[in-house]
Enquirer: 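Next up is a structure, given as structure tokens.
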Amino acid sequence: MSTSTKYPKLDLNIILEDVKQDINKVSWKSPSNIAFIKYWGKRDVQIPMNPSLSMTLKDCTTTTQMEWLPRTDFSGPHVEFYFENKVNEKFKEKVQKYLNGLLEELPFLRQFDLLFKSENSFPHSAGIASSASGMSAIALCLTSFEQKLFGTLDDSTEFFSKASHLARLGSGSACRSLFPKMSVWGENEFTEGENNKGVEFSSFHEKFEDLQDSILIVHSGEKEVSSRVGHSLMNEHPYAEKRFSEANKNLSLLLDYLKDGDIFKFGEIVEREAMDLHGLMMTSRPSFLLMKPNTLLIIERIKKYRLDKKIPLFFTLDAGPNVHVIYPKAYSPEVKTFIRENLLSLCEDGKWFEDSMGNGPEILG
Ligand code: PMV
């Protein structure tokens, strides 16, 4: 699993036989994830400045098929990318760059051309981040490809670890999408978290088993600031050091509440992390305000509803204006009524998606 893996020489006849039999492809469905402890700030090659913890989603997924064709020289991989049945030059460029960056680690890719066909379970322009599901699906295809060619990975733990490591190099948060239920990424004193890949996290009370995530779309436009720029602003951020230590403290507290089943305390940390993330954006140089007026109204209404009804529902945010409403399944009927009656009027065209904790990626063929 290290960058120094030596791969044996490939037998092109076997690969050509696979092409003839139309089995030179693999397909994975991989989910998105929502962070409870946020990753914001990185160093070196996608090494996080603080640990993060996320819930794997069930229904917001990307399905990607990767087909390989051998080349007669070593100048590959040449990439073709179809998104929702149409050639997509932007994604092609992104994936080509990603694969070029992996050539030292996966040198065998030079001998292939790769054709990707990808689609999301949610509308592309919905304002739901797709880099975690998209990059993890590609990383899984690459890992399956390596396994088919060389059989180097001993078991499923090694397989998903490798896929998570490759996903991280595409998009940091994508490395947490490879595992069922919850995942931790980044070294810390309290868990087995590692910097170069995500790990599964399962030390939580059964109360959290069926968490729901209703995603309220406040604004579906392009992100005002890319994650890349956002992370880089943490390099010179006046509160950077404090943030990194707070993230560790918040993780330590969250782990206790997850273990003990203290759902209201859990929610306090989840909301604190969302506000810290946006506070960091607001206080970076230059600053970014990614919440919209309706984001704030939704947050206020969620807090008031919780206070009035004593129901454990909480908000969290990604690097954008859309609101993730987190709550246990047992409260679904009343929370959904509350969302329909009080929050949907604040969403763009009344748009929202229901999701929940999921079991991780699925191989389709
Ligand atoms: O994976 P990236 O580089 O797109 O960063 C995403 C960071 C947040 O979504 C804002 C937080 C997180 O931990 O997912």
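In each ligand, atom 1 is the first atom listed, and ligand 1 is the first ligand listed. Note: hydrogens, waters and symmetry copies are ignored here, and every other heavy atom, side chains too, is used.
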Enquirer: Which residues satisfy the side-chain contact (heavy atoms from CB on, under 4.5 Å) test with Phe190, sequence neighbours excluded?
Expert: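 Counting only residues at least two positions away or on another chain, Phe190 forms a side-chain contact (heavy atoms from CB on, under 4.5 Å) with Asn188, Asn248, Leu251, Ser252, Leu255.
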Enquirer: Aromatic rings His205 and Phe208: how do their planes relate, parallel, tilted or perpendicular, breaks at 30° and 60°?
Expert: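 Correct class here is perpendicular.
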Enquirer: Is it true that a side-chain atom of Ser133 and a backbone atom of Ser130 form a donor plus acceptor pair closer than 3.5 Å?
Expert: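 Confirmed, Ser133 side chain pairs with Ser130 backbone.
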Enquirer: Between ligand 1 and the protein, which N/O pairs are shorter than 3.5 Å?
Expert:
{"from": "ligand 1", "atom 1": "1 (O)", "to": "Ser171", "atom 2": "OG", "distance (Å)": "3.1"}
{"from": "ligand 1", "atom 1": "1 (O)", "to": "Ser173", "atom 2": "N", "distance (Å)": "2.8"}
{"from": "ligand 1", "atom 1": "1 (O)", "to": "Ser173", "atom 2": "OG", "distance (Å)": "2.6"}
{"from": "ligand 1", "atom 1": "3 (O)", "to": "His231", "atom 2": "NE2", "distance (Å)": "3.0"}
{"from": "ligand 1", "atom 1": "4 (O)", "to": "Ser227", "atom 2": "OG", "distance (Å)": "2.8"}
{"from": "ligand 1", "atom 1": "5 (O)", "to": "His231", "atom 2": "NE2", "distance (Å)": "3.0"}
{"from": "ligand 1", "atom 1": "9 (O)", "to": "Asp318", "atom 2": "OD1", "distance (Å)": "3.2"}
{"from": "ligand 1", "atom 1": "13 (O)", "to": "Tyr39", "atom 2": "N", "distance (Å)": "2.9"}
{"from": "ligand 1", "atom 1": "13 (O)", "to": "Arg176", "atom 2": "NH1", "distance (Å)": "3.0"}
{"from": "ligand 1", "atom 1": "13 (O)", "to": "Arg176", "atom 2": "NH2", "distance (Å)": "3.2"}
{"from": "ligand 1", "atom 1": "14 (O)", "to": "Arg176", "atom 2": "NH2", "distance (Å)": "2.8"}

Enquirer: Checking Thr56 side chain against Asn359 main chain: does a donor-acceptor pair fall under 3.5 Å?
Expert: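 No; zero donor-acceptor contacts below 3.5 Å.
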Enquirer: Could you pull out all residues at least two apart from Val199 that satisfy side-chain contact (heavy atoms from CB on, under 4.5 Å)?
Expert: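 Val199: side-chain contact (heavy atoms from CB on, under 4.5 Å) contacts with Val184, Glu194, Lys197.
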Enquirer: Taking ring pair (Phe, Tyr, Trp, His ring centres under 6.0 Å) as the definition, give me every residue that meets it alongside Phe116, ordered by chain and number, with sequence neighbours left out.
Expert: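 Phe116 satisfies ring pair (Phe, Tyr, Trp, His ring centres under 6.0 Å) with Phe81 once adjacent residues are dropped.
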